[in-house]
Structure formats: C-alpha cells, structure tokens
Amino acid sequence: RDATGNWTMVVPTGTGPAAWLNYPSAIYDPPNQRMLVFGGQYNGSVPQTTNDVWSLSLPPAGAPMVLSKVLPTGSLPGNRSNHAAIYDAKYQRMVIASGWVYYNPGALVSTISASNQVNALDLSKQDSGTWSTIASRPEWGAFASAAAVYDPVGQRMLVIGGTGSWRLQQVTLPDPA
C-alpha cells in the first residue's frame, strides 16, 4: 500500500517464471530480506507442477525489488503444488510438507498423488541453499491443500486440514547437523 493507504501494483525487475504459478507456497526469509516461493502448478491445458524456487528481494522502501530464480543443491523435493510451508527461524530454513505430486508432467494424462514428504531448504549460508529430506510421514497418510504454522517454542511445524486429512499433525524439526 502507498502512503495514502491505496494498494499499488509492484513490478519487480529481473526474470520470473515463464507462466504464472497456481498453488505455490511462500515464506519470508528475514536474514536475507526476501520472499521465497516454492513449487506450484503452471497454467496450461495440461497441469505441470514444478520444484522451482524463486526469490523476491524486499529492499527498503523506494529501492527496486528484484525477482530471480534460485538454484539450490542437494536432494531436491519432487515437483509439487498445494503444499504447506513455514520458515524455521532457529535453523534458517524453509520447510515444506505434503502437496500434490504429478507424474508424467506434460503428458495428456498425468497421474496425481498426494505426498507425505517433509523437506527443508537450508538458507543459513549466503548461497542458493541446500535441500534435504527431513522425514517421510507414512502415519499421516498423504494429503494436500493444508495450512501450517511454525511453533518456535516446540521447534515444530503444525499442519492442519487438507485433502485426505482433517486432523492436526506435527513435525518435530530436527537439528540439521
């Protein structure tokens, strides 16, 4: 919003996704003053999910925002959409859980299933980050379209709702070392 309280269109510099995404997740990364966007589904006649990570810099007012693709290393999570994400402040990482995974992306007929994976993107270094798998949660069952929050006192991610599950679930966030 501007100084008068009106909403204004933000047009960042840089290069963004070829087509806009539906159903990604986003977190605020305070130490690096940016918003990170993970995954989602590209618009089109055939659903195509992605595991891309995009960064939008959030400089002081008046400075231009820059949109850029982030190229993490490590064990990348599968392409997914409709997943939940939080920022783990203690270990400076983005944590994602659940979501829809499409197989045979780009084919006229894709297979879709829900995920029970929990993955983390380490943001503690001044690089593109490193993905790792925290857990597979078979006891949850697979689900998508859930909401999540970070509990800093219990060092956990709380996930509620979603397709395939209407109960409260938790992931204790382990020390990445």
- Task: Please assess L36 against Y28 for the test side-chain contact (heavy atoms from CB on, under 4.5 Å), listing each intermediate value before the final yes or no.
- Result: CA-CA 6 Å; L36 289 177; Y28 174 59; over 6 Å; no
- If you group Ile, Leu, Val, Met, Phe, Trp and Tyr by side-chain heavy-atom gaps below 4.5 Å, do L56 and V10 land in one group? yes
- Would you kindly confirm whether L158 and M94 end up in one hydrophobic cluster when ILVMFWY residues are joined by side chain heavy atoms under 4.5 Å apart? no
Look at the side chain of [X] and the backbone N and O of [Y], then say whether any donor-acceptor pair between them is shorter than 3.5 Å.
| X | Y | answer |
| --- | --- | --- |
| S57 | V66 | yes |
| R80 | S98 | yes |
| N51 | P77 | yes |

- Query: Of the non-hydrogen atoms in W54 and V70, which two are nearest, and what is the gap between them?
  - Reply: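 So the minimum-distance heavy-atom pair works out to C-CG2, 4.3 Å.
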- Query: Which atom names give the shortest non-hydrogen contact between A84 and A146, and what distance separates them?
  - Reply: CB-O, 3.9 Å
Report yes if some heavy atom in the side chain of [X] is under 4.5 Å from a heavy atom in the side chain of [Y]; otherwise report no.
| X | Y | value |
| --- | --- | --- |
| I27 | F38 | no |
| W131 | V53 | yes |
| V95 | L121 | no |

- Residues R93, D88: salt bridge by 4.0 Å N-O rule: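 Result for this pair is yes, salt bridge flagged.
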From [atom1] ([X]) to [atom2] ([Y]), nearest 0.5 Å:
| X | Y | atom1 | atom2 | value |
| --- | --- | --- | --- | --- |
| Q117 | S75 | CD | OG | 9.0 Å |
| M35 | L58 | CE | CG | 7.0 Å |
| R156 | T172 | CZ | OG1 | 7.5 Å |
| N32 | S124 | CG | OG | 9.5 Å |
| R34 | D29 | CZ | CG | 4.5 Å |
| N119 | T133 | CG | OG1 | 4.5 Å |

- Taken in chain and number order and not counting sequence neighbours, the residues that satisfy salt bridge (Lys or Arg N to Asp or Glu O under 4.0 Å) with K69 are D52
- Task: Could you please spell out the steps behind the side-chain contact (heavy atoms from CB on, under 4.5 Å) verdict for Y91 and D175?
- Result: CA-CA 8 Å; Y91 295 114; D175 182 329; 3.5 Å; yes
- Message: Using the side chain to side chain contact (heavy atoms under 4.5 Å, CB included) definition, which of the options I96, I86, I134 pairs with M157?
- Response: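 Running side chain to side chain contact (heavy atoms under 4.5 Å, CB included) over I96, I86, I134 with M157 returns exactly one hit, I86.
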- Item | Check against side-chain contact (heavy atoms from CB on, under 4.5 Å), K90 and L173 | CA-CA 10 Å; K90 182 174 181 179; L173 301 173; over 6 Å; no
- For side chain to side chain donor-acceptor pair (under 3.5 Å), just list the numbers for N82 and S145, CA-CA rounded to whole Å, side-chain angles, deciding distance to a tenth of an Å, and then say yes or no. CA-CA 5 Å; N82 300 77; S145 303; 3.1 Å; yes
- Query: Judged by modelled atom types alone, do H83 and S25 share a side-chain donor-acceptor pair under 3.5 Å?
  - Reply: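 Yes.
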